[in-house]
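Worksheet: one structure, shown below.
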Amino acid sequence: MTYRVCFVCTGNICRSPMAESVFRARVAEAGLNGLVEVDSAGTDGWHEGDGADPRTVSVLEEHGYDGAHTARQFQRSWFSRLDLVIALDAGHLKTLRRLAPTPHDAAKVRLLRSYDPAAGADLDVPDPYYGGLDGFEECLEMVEAASEGLLAEVRERAEGRTA
């Protein structure tokens, strides 16, 4: 049975597609492609149908990740098919938990940086949209750092389903 993870930010053009691409690469490297499905969405639909921000694509491709993406808005009905919903900041966490149809669904929502033991108290991945390329690089560093801890948890849960 496939374990499904969805990364969520505001417009699904910067942070969440970056997290999706990085985590998809980690899943492939770990040999979990058949067990784990990765996608992303935004809390709002402003950019629905658009590609990722060109700066996101540039940073991803420069670091060897796939930059292909089409933005979409997160739907409440998705909770029933998702195992884990990863919010990129506290505002997304709050929005998604309010959107969750049940307490069980709300418990599926976690902050990405909660998987990075070095993150400290600030668990938000800052929105790089209104800044320069350096903000996108910083975002990638945070996503990569948290992806290892997230992968360990997802691997354990996904492999536990097949045991």
Side-chain angles (χ1 to χ4, degrees), residues 2-27 36-63 65-116 119-147 149-151 153-154:
T2 305
Y3 191 88
R4 292 176 172 88
V5 180
C6 184
F7 295 92
V8 182
C9 69
T10 306
N12 194 218
I13 60 167
C14 296
R15 293 172 285 178
S16 60
M18 188 176 286
E20 175 187 1
S21 183
V22 169
F23 197 65
R24 182 174 284 122
R26 295 295 178 273
V27 165
V36 180
E37 182 181 294
V38 183
D39 65 6
S40 67
T43 56
D44 295 300
W46 304 318
H47 300 285
E48 204 159 10
D50 294 345
D53 184 288
R55 297 165 294 179
T56 298
V57 174
S58 172
V59 167
L60 283 171
E61 290 178 350
E62 179 182 324
H63 291 272
Y65 298 106
D66 183 12
H69 175 73
T70 302
R72 60 197 187 131
Q73 184 174 5
F74 187 88
Q75 301 299 314
R76 179 182 186 165
S77 62
W78 296 359
F79 275 105
S80 63
R81 68 173 177 82
L82 293 170
D83 297 291
L84 199 53
V85 179
I86 303 295
L88 275 289
D89 70 27
H92 306 129
L93 180 80
K94 186 176 179 181
T95 298
L96 290 162
R97 286 189 173 159
R98 270 197 325 260
L99 194 60
T102 69
H104 173 74
D105 290 325
K108 296 177 183 180
V109 184
R110 303 279 306 272
L111 281 168
L112 176 62
R113 292 194 72 209
S114 68
Y115 293 96
D116 178 3
D122 183 8
L123 299 180
D124 286 353
V125 176
D127 188 351
Y129 185 77
Y130 294 103
L133 202 55
D134 58 331
F136 289 81
E137 290 283 352
E138 178 185 22
C139 179
L140 180 63
E141 289 172 16
M142 291 179 176
V143 166
E144 288 179 326
S147 288
L150 175 59
L151 181 64
E153 180 176 313
V154 167

Evaluate R15 against D89 for salt bridge (Lys or Arg N to Asp or Glu O under 4.0 Å), listing each step before the verdict. CA-CA 10 Å; R15 293 172 285 178; D89 70 27; 3.1 Å; yes
Please report the interatomic distance CE(M18) to CE(M142), rounded to the nearest 0.5 Å. 11.5 Å
S21 (side chain) donor-acceptor with D66 (main chain) under 3.5 angstrom: yes
Report the C-alpha separation of L60 and V22 in whole Å, then their side-chain angles, then the decisive distance to 0.1 Å, and conclude whether the side chain to side chain contact (heavy atoms under 4.5 Å, CB included) test is met. CA-CA 8 Å; L60 283 171; V22 169; 4.3 Å; yes
Measuring from atom CG of L84 to atom SG of C6, what distance do you get when rounded to the nearest 0.5 angstrom? 10.0 Å
Scanning both residues in full, the closest heavy-atom pair of C9 with S16 reads SG-OG, 3.1 Å
Interatomic distance, CG@L88 vs CG@L123, rounded to 0.5 Å, equals 12.0 Å
Would you check if L151 and E153 make a side-chain contact, meaning some heavy-atom pair closer than 4.5 Å? no
Please find the pair of heavy atoms, one from A87 and one from L96, that lie closest to each other, and give the distance. CB-CD1, 4.1 Å
Are side-chain N/O atoms of E144 and H63 paired as donor and acceptor at under 3.5 Å? no
May I ask you to decide if A90's main-chain N or O and D124's side chain share a donor-acceptor pair within less than 3.5 Å? yes
Between T56 and I13, is there a donor-acceptor pair closer than 3.5 Å when you use the side chain of the first and the backbone of the second? yes
Test D39 against every option in R72, R24, H69 by the side chain to side chain donor-acceptor pair (under 3.5 Å) rule and name the one that passes. R72
Spacing of CZ belonging to R26 relative to CG belonging to L150, to within rounding of 0.5 Å: 11.0 Å
All heavy atoms of P128 vs all of C139, minimum pair found to be CG-CB, 4.5 Å
Taking the side chain as C-beta and beyond, is there a heavy-atom pair between T102 and F79 under 4.5 Å? no
Does NZ or CZ of R55 come closer than 6.0 Å to the centre of the six-membered ring of Y129, within 45° of the ring's axis? yes
Contact check, side chains of E37 and R81, non-hydrogen atoms, under 4.5 Å: yes
Is the backbone of N12 close enough, under 3.5 Å, to the side chain of H47 for a donor and an acceptor to pair up by distance? no
Let me see the working for F136 and D53 under side chain to side chain contact (heavy atoms under 4.5 Å, CB included), right down to the final yes or no. CA-CA 10 Å; F136 289 81; D53 184 288; 3.9 Å; yes
Of all the heavy-atom pairs spanning E137 and V59, show the shortest one and how long it is. OE2-CG2, 3.8 Å
Under 4.5 Å between any side-chain heavy atoms of R110 and V85, yes or no? no
Under a 3.5 Å distance rule, please check whether T95 uses its side chain to pair with a backbone N or O of G91 as donor and acceptor. yes
Yes or no on side chain to side chain contact (heavy atoms under 4.5 Å, CB included) for V5 and I86, after CA distance, side-chain angles and deciding distance? CA-CA 7 Å; V5 180; I86 303 295; 3.9 Å; yes
Going from CZ on F74 to CG on L82, what distance comes out if it is rounded to the nearest 0.5 angstrom? 5.5 Å
Tell me, with the steps shown, if R4 and T2 meet side chain to side chain contact (heavy atoms under 4.5 Å, CB included). CA-CA 6 Å; R4 292 176 172 88; T2 305; 4.0 Å; yes
Are the side chain of S147 and the backbone of V143 linked by a donor-acceptor contact shorter than 3.5 Å? yes
What heavy-atom pair brings S80 and S77 nearest, and what distance separates the two atoms? OG-O, 3.0 Å
Is it the case that the side chain of R113 and the backbone of V125 share a donor-acceptor pair, with hydrogens and angles ignored and the cut-off at 3.5 Å? no
If you measure from CD on E62 to CG on L140, what distance do you get to the nearest 0.5 Å? 9.0 Å
